[in-house]
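Every number for a ligand or one of its atoms is a count from 1 in the order of the listing. Computed from a predicted structure; not experimentally measured.
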Amino acid sequence: MGDNLTESVSSPSFTQPRSILVIGGGPAGLVTLRNLIERSNDKFEQVELVERRDDVGGVWYQDEPTISSVNPSGAINKPQWPSPAYPGLIGNVLPRFLAFSEYPFPESPDHLHQPFPTVEETYEYLRGFAERYIEKGVVRLNTEVMRVEEIPERKGWKVRIRDWGVCDDNDGMPEEREERWDAVVVCAGYYDKPNWPNTEGLDLVRKRGLALHAKWWNGPEGYEGKKTIIIGNANSSNDIASQLAPVAQTPVYRSIRRPPAPWFPSLSDSRIKNVGAVKKYILQPAEETEEGMMLEKMTVVLQDGTEIKDVDVVILGTGYCPNPEFVHVLPHENEKESTVSLMSYTNPILPQLRRIPFLHRHILYAYNPSLAFIGAILAMTPFIVADVASTWLTLAWLGEVPYPQTIDGRLAFDRERIMQVEKMLEVPLPAATTDANADPPPSSFITYAFLGPGDTGTNESGKGGEAEYANGLRDDIVSARPDLDAVLPTWDAEAIKARTEMYPTKYEALKWAQMHCV
Ligand SMILES: Cc1cc2nc3c(=O)[nH]c(=O)nc-3n(C[C@H](O)[C@H](O)[C@H](O)COP(=O)(O)OP(=O)(O)OC[C@H]3O[C@@H](n4cnc5c(N)ncnc54)[C@H](O)[C@@H]3O)c2cc1C
Ligand SMILES: NC(=O)c1ccc[n+]([C@@H]2O[C@H](COP(=O)([O-])OP(=O)(O)OC[C@H]3O[C@@H](n4cnc5c(N)ncnc54)[C@H](OP(=O)(O)O)[C@@H]3O)[C@@H](O)[C@H]2O)c1
């Protein structure tokens, strides 16, 4: 990763990089690493992956939480980056859509009641896939990227690394250093930064420990008899509500703004009561318990004025925001100024336009295509989309698939996508189910980053959908490398049908789990 390698990108137009750093060891990072190495036929001199946790797998690696603390010498212990997955999570994607090309997913073993791999099985698959690269020494674990900074004149990227692996031999202290890379691929995932709604009173109840985001949900233990309200009706919120129902005080309230999308199967459960959107949270005065402890509760006021009193905890299944805050780029107006955070260019006002900005085809940073992102979008089948996207990136960096050679040309994709979202926002939105008086804000799924289920363009919703996007990348790849046609996943009518049928299958799996109290 030496400085000497960066000279290869000395001209303002970006050519083939010699050294490439992949950030993040989840599914997207792992398949990107494989494709950059294997599908380039080793044409890049150095390709490495760094992962801040002590193992690969991303969302699918559930480590044992330990308490992070300050040790007696004052040194900081390694922080925890817990996975947002939780015990009892049943996958919602079939193995065929989790299988990276040329690396089949093993047949699902024992759970005949449902075909979705468990968190552990998916982790095992990813670990097996990564093994070869870990042994080769191109995966560095316990290595956190603190900052990625663009070097002027397209001379690559400075990467500030914090090596947590040395802590044991270094008085609990990590080691910091700077590396230089010709090109960087950010695969840091989508589920790191929770989306906290801007609801009145939420900050206060959160500070008092009465509000929790789904990211930290770890099962219903500890919620026995508690009065709870869950916000949202997508996968996390539905799972959390049904995990709480047998344990917590009933009804478990679930606050929803509109009917659920068909790809969020949810069981009816008489113990779960759907209510409308929340207007505000009010902290109630603390009361002394029989044990002599002071206990705080809250009142949750709904948009229609209904008050739910004495609530112990609100759990927000309100989704996540993309957040690679460590990426700093040269200002577009004046490249001589010091760098600015890439995320400072996003639209903070309209959440629907919140995005990793200026990406050509959700991959290449338009102003300097030696920076790329894989996994910056929300897909129905994230594993195989990342496989195709990173194959495309590999061939783009080798000069085998074309992409626009001007900044303006590369920005066209981003502009068109913003226009698509703005157009979608003009469409009348379905009313909230339980609160007819409220005017629901646009769904968080009408958003820049959500590719949606869309098919191959046979209807309006297909535009900008996952199949159209992935097939576009696939077509480019196959034009350059016809041999990959037989290898890459497809988004044809049969595959789309199979993907759509996953949701009723998931519904059946949830029913089985409910009946068997899993
Ligand atoms: C609760 C939950 C359930 C899900 N269920 C499914 C499902 O059933 N099926 C499905 O297909 N998808 C599911 N998903 C989507 C899931 O995110 C994708 O399957 C997949 O994990 C995305 O891979 P990724 O590599 O982009 O991100 P991640 O899996 O999030 O991996 C990102 C990695 O980057 C690392 N990283 C981040 N920042 C840094 C840094 N600064 N330095 C070094 N490393 C860094 C992280 O530690 C992490 O290991 C689920 C997501 C969640 C949150
Ligand atoms: N394998 C599984 O079964 C499983 C389980 C959990 C999670 N996941 C995956 O994990 C990812 C994240 O899922 P997620 O469920 O955490 O988040 P999500 O898919 O982004 O859903 C967020 C939910 O919160 C609602 N919401 C957002 N802001 C709100 C607000 N201010 N007030 C009320 N409701 C609000 C949304 O409804 P609106 O439409 O009204 O905005 C939506 O119902 C997804 O990829 C999901 O598929 C999978």
Discussion item. Quick check: Y103 with Y125 (ring centres under 6.0 Å apart)?
Written reply: yes

Practice prompt. Take the angle between the ring planes of W216 and H213 and call it parallel below 30°, perpendicular above 60°, tilted in between.
Written response: perpendicular

Discussion item. Just so I know, are the side chains of V278 and V301 near enough to count as touching, which here means a heavy-atom distance under 4.5 Å?
Written reply: no

Practice prompt. Identify whether the distance between the nearest side-chain nitrogen and carboxylate oxygen of E466 and R499 falls below 4.0 Å.
Written response: yes

Worksheet item: Cation over ring, R206 on W196, under 6.0 Å and within 45°?
Response: yes

Discussion item. Between H362 and F373, is the ring centroid distance below 6.0 Å?
Written reply: no

Which atom pairs, nitrogen or oxygen on both sides, join ligand 1 and the protein at under 3.5 angstrom?
unit_1, atom_1, unit_2, atom_2, d
ligand 1, 8 (O), N92, N, 2.8
ligand 1, 8 (O), N92, OD1, 2.7
ligand 1, 9 (N), N92, OD1, 3.2
ligand 1, 19 (O), W60, NE1, 3.2
ligand 1, 21 (O), W60, NE1, 3.2
ligand 1, 25 (O), P27, N, 3.3
ligand 1, 25 (O), A28, N, 2.9
ligand 1, 29 (O), V59, N, 2.9
ligand 1, 41 (N), V145, O, 3.0
ligand 1, 42 (N), V145, N, 3.0
ligand 1, 44 (N), R52, N, 3.3
ligand 1, 47 (O), E51, OE2, 2.7
ligand 1, 47 (O), R52, NE, 2.9
ligand 1, 49 (O), E51, OE1, 2.6
ligand 1, 49 (O), E51, OE2, 3.2

Discussion item. Counting only heavy atoms not in E494 (residues, nucleotides, ligands), do more than 12 fall under 6.0 Å from its CD?
Written reply: yes

Worksheet item: With no hydrogens and no angle check, do the side chains of D239 and Y86 hold a donor and an acceptor under 3.5 Å apart?
Response: yes

Practice prompt. Might you list the protein residues in contact with ligand 2, defined as having a heavy atom under 4.0 Å from one of its atoms, sorted by chain and number?
Written response: Y86, L89, I90, G91, N92, Y191, P197, I231, G232, N233, A234, N235, S236, D239, R257, R258, G317, T318, G319, Y320, S443, S444, F445, K506

Worksheet item: Heavy-atom distance under 4.5 Å between the side chains of W392 and I363, does that happen here?
Response: yes

